[in-house]
Amino acid sequence: MSINYQDRIPNNVDLGSNRTLQRALEHWQPEFLKWWEELGPKDFQVSDVYLRTATSVDAKGWATYGYVRMPEYRWGIFLNERDPNRRIGFGDNFGQEVWQQIPGEYRATLRRLIVTQGDTEPASVEQQRMLGHTAPSLYDLRNLFQVNVEEGRHLWAMVYLLHAYFGRDGREEAEELLERHSGDADKPRILGTFNEPIRDWLSFFMFTYFTDRDGKFQLKSLAESSFDPLARTCQFMLTEEAHHMFVGDTGINRVVKRTLEVMQELNSDDPQVIRNAGAIDLPTVQRYLNFWFSSSLDLFGSETSSNAASYFANGLKGRPDEAQYEDHIALEQSYTLELPDGSVGTRSEKIPLRNAMNEVTRASYVRDCVIGLKRWNRIIEKAGHTFRLTLPSTRFRRNIGNWAGVPTTPEGQPISREQFAADMHEWLPSESDQAFILSLMQGVYEQGKMAAWIAPPDRGINNNPVDYEYVKLQ
Ligand code: BYC
């Protein structure tokens, strides 16, 4: 299924055969480009960036590399190939044929899910808008822009569904996706994390590790959907998403590696000594990790959710990797939650499994997050240090769900508000931490050069050397 690049909008959905839809999307395209110009990466729009572009959705063609100016990136509509035998994999309609059109009764709910998914994509580009000015190397600058253009494409993926399947309502929603803005006081983005500013590269790496990983799990859940075009869209998005998490994973790894080198050189683990040498002390890395992990946990919604139960029952949104479960109906089972007891203790509550689907997904996500931590800790251990990076408890600093607003230690022990306020500077980035990190952020644009707070990557992109000219600055 190759992609038609002759059309104004590259696609593999035979857009040319539906003139009305094609015209509607061609009408939205200049609005998107205007948004990119105003709220996409600040500057660098005339630079040649070594980007990958999909030319087909199969293994051979999905990553074709070459120099592109970002506004000329071929944003388009790519769905995985249709499996004519695909059946509904979970919920009350298990085993029936998947839907090529949306049943009327699920229209509003599916629209809401698609809009929420779509809203995060431009939001992240807006959040990262200024980072090009402080990139630690050309390699990192290129990765930032790769992530940005692909998030733009993921917006296209959701806008296509809105236009193609939701008529006028869908077109209006597509317009609003460009009207809400990250952090805007009047029209913010829908989900909390996507209104948090990303001013520095440590936050960017945490975001791409933890928040893009929420994207992975949400897309995996939507890739199970009975609404086949949504499932196929998400399957292809997941292919691209892997690189975004790679950027976060290796980014944090390189920060830790550089810090360990400085610790070794100076024979010290004193945070102030490490900072004076221009590297990021490990306790500060931990505080940034605590912030972005806890914020990303909120993106899974409440532990107990009747929304999640009905998404599952109706076959709209499944569990990630639904095939790994034995029981796809999930009507008989229950799930036990540990909830705050209103004082400084906890109580257990058993709820029907369908109502606990957000928690099931969150738990899979947490297990996936641990993998990177193990890798980072391995290099700390190898360097002979006892310090370990840890994931805080899922109760820590929550704003959504049963633990919202309940002060706890990072280990999840409920504590008084006073104690939380007294200790929080040890657990979360303080103003002075942020000022220090910002002080390190100076753009390094010389080919092959790297900022002093981060180690070079082990290898370059697409078998090119690390010192390749990944961005030709104009
Ligand atoms: N902030 O029953 P509840 C990505 C709302 S990231 C603000 O608890 P439900 C990416 C919720 O919307 C993946 N509001 O939760 C990453 C609901 O509001 P309404 C994005 C929140 O509905 C990096 C109300 O609270 N994709 O792709 O079961 C870069 C009660 O809802 C939050 C999706 O999220 C929050 N954190 O589940 C680029 C998939 N959490 O509807 C991209 C689509 C909850 O009553 N979305 N609320 O007004 C969903 O599946 C669900 O909406 C949620 C919430 C999982 C987000």
Side-chain angles (χ1 to χ4, degrees), residues 108-129 144 146-158 161-162 173 177 180 182 188-196 198 203-225 227 230-231 233-234 237-238 240-245 247-248 292-314 316-320 337 351 354-362 364-365 394 397-404:
T109 316
L110 265 175
R111 193 181 74 203
R112 178 81 184 145
L113 284 172
I114 291 168
V115 165
T116 306
Q117 176 63 51
D119 191 70
T120 63
E121 316 291 0
S124 67
V125 177
E126 293 167 355
Q127 286 171 291
Q128 296 159 15
R129 170 173 164 69
L144 167 72
Q146 182 73 61
V147 168
N148 290 162
V149 293
E150 282 175 356
E151 299 302 4
R153 206 202 67 71
H154 293 180
L155 169 62
W156 268 95
M158 293 301 128
L161 293 176
L162 289 169
E173 292 281 13
L177 284 170
R180 285 185 293 272
S182 177
R189 291 298 177 181
I190 297 171
L191 300 174
T193 312
F194 295 90
N195 291 302
E196 298 286 359
I198 302 180
S203 298
F204 172 65
F205 292 137
M206 293 293 171
F207 181 93
T208 40
Y209 187 78
F210 290 109
T211 310
D212 277 90
R213 196 169 306 274
D214 166 56
K216 168 181 169 183
F217 280 79
Q218 296 299 332
L219 291 173
K220 270 173 170 284
S221 302
L222 295 174
E224 301 287 341
S225 182
F227 176 40
L230 173 62
T233 307
C234 292
M237 287 165 75
L238 278 163
E240 293 175 327
E241 199 64 46
H243 174 70
H244 307 185
M245 286 173 289
V247 168
W292 287 103
F293 175 66
S294 54
S295 181
S296 304
L297 289 172
D298 280 337
L299 295 172
F300 292 84
S302 305
E303 286 79 0
T304 319
S305 168
S306 54
N307 285 350
S310 64
Y311 300 154
F312 190 87
N314 297 329
L316 308 183
K317 183 183 174 196
R319 286 169 288 193
L337 297 171
I351 60 165
R354 282 186 175 185
N355 290 67
M357 288 308 178
N358 288 343
E359 194 56 16
V360 170
T361 307
R362 186 165 20 237
S364 307
Y365 164 81
T394 53
R397 200 185 80 91
R398 292 293 301 280
N399 286 306
I400 297 281
N402 297 88
W403 289 93

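Residue indices begin at 1 and follow the sequence shown. As the structure lists them, so they are numbered: ligands from 1, and atoms in each ligand from 1.
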request  = Using distance alone, decide if ligand 1 has a nitrogen or oxygen within less than 3.5 Å of any nitrogen or oxygen in E151.
outcome  = no
request  = Look up atom 27 (O) of ligand 1 and tell me if a protein heavy atom lies less than 4.0 Å from it?
outcome  = yes
key: Per-atom contact, atom 24 (C) of ligand 1, protein heavy atoms, under 4.0 angstrom   = no
key: Protein contact for atom 21 (C) of ligand 1 (heavy atom, distance under 4.0 Å)   = yes
inquiry  = So if I count the atoms of ligand 1 from 1 in the order they appear, which ones are less than 4.0 Å from some heavy atom of S124?
reply    = 29 (C), 38 (C)
note = Residue, atom and distance of the protein heavy atom nearest atom 49 (C) of ligand 1 read L113 CD2, 3.5 Å
remark   = atom 56 (C) of ligand 1 sits nearest the protein heavy atom L299 O, 3.6 Å
Y365 and F293 aromatic ring geometry - parallel, tilted or perpendicular at 30°/60° bounds = parallel
inquiry  = Protein heavy atoms near atom 33 (C) of ligand 1, is at least one of them under 4.0 angstrom away?
reply    = yes
message = Parallel, tilted or perpendicular: which one describes the rings of H244 and H154, with boundaries at 30° and 60°?
response = parallel
ask   = Closest heavy-atom contact between I351 and L337?
value = CD1-CD1, 3.6 Å
ask   = Does at least one non-hydrogen atom of Y311 fall below 4.0 angstrom from an atom of ligand 1?
value = yes
request  = Considering only non-hydrogen protein atoms, determine which one is nearest to atom 37 (O) of ligand 1 and report residue, atom name and distance to 0.1 Å.
outcome  = N358 ND2, 3.9 Å
query = What protein heavy atom sits nearest atom 19 (P) of ligand 1, and how far away is it?
reply = R112 NH2, 3.9 Å
Atom 45 (O) of ligand 1: nearest protein contact (heavy atom, Å) = N307 ND2, 4.2 Å
ask   = Is the NZ or CZ atom of R213 both under 6.0 Å from the centre of the six-membered ring of Y209 and within 45° of that ring's axis?
value = yes
request  = Answer with yes or no whether N399 contacts ligand 1, where contact means a heavy atom under 4.0 Å from a ligand atom.
outcome  = no
task = Output yes when a side-chain donor or acceptor of S225 lies under 3.5 Å from a complementary backbone atom of K317, and no otherwise.
result = no
key: atom 6 (S) of ligand 1: nearest protein contact (heavy atom, Å)   = D214 OD2, 3.2 Å
message = Checking Q117 against L219 for the side chain to side chain contact (heavy atoms under 4.5 Å, CB included) test, could you report, in this order, the C-alpha distance in whole Å, the side-chain angles of both residues, the deciding distance, and whether it holds?
response = CA-CA 8 Å; Q117 176 63 51; L219 291 173; 3.8 Å; yes
query = Where do Q218 and F300 land on the side chain to side chain contact (heavy atoms under 4.5 Å, CB included) test, with the steps shown first?
reply = CA-CA 8 Å; Q218 296 299 332; F300 292 84; 3.5 Å; yes
message = Could you identify the single nearest non-hydrogen protein atom to atom 40 (N) of ligand 1 and state the distance to 0.1 Å?
response = D298 O, 3.5 Å
request  = Check ligand 1 against G192 and write out every atom of the ligand that is under 4.0 Å from a heavy-atom position of the residue.
outcome  = 1 (N), 7 (C), 35 (C)
request  = Ignoring angles and geometry beyond distance, decide whether S306 reaches within less than 3.5 Å of ligand 1 through its nitrogen or oxygen atoms.
outcome  = no
query = Do the side chains of E224 and C234 get nearer than 4.5 Å, heavy atoms only?
reply = no
ask   = So, is S305 polar-close to ligand 1, with some N/O to N/O distance under 3.5 Å?
value = yes
Contact partition for F194 relative to ligand 1, non-hydrogen atoms under 4.0 Å = side chain
Shortest non-hydrogen separation from A157 to M237 and the atoms involved = CB-SD, 4.0 Å
task = May I ask you to decide whether E126 forms a salt bridge with R129, counting only side-chain N to carboxylate O separations under 4.0 Å?
result = no
key: salt bridge (Lys or Arg N to Asp or Glu O under 4.0 Å) between R153 and E150, worked out   = CA-CA 5 Å; R153 206 202 67 71; E150 282 175 356; over 6 Å; no
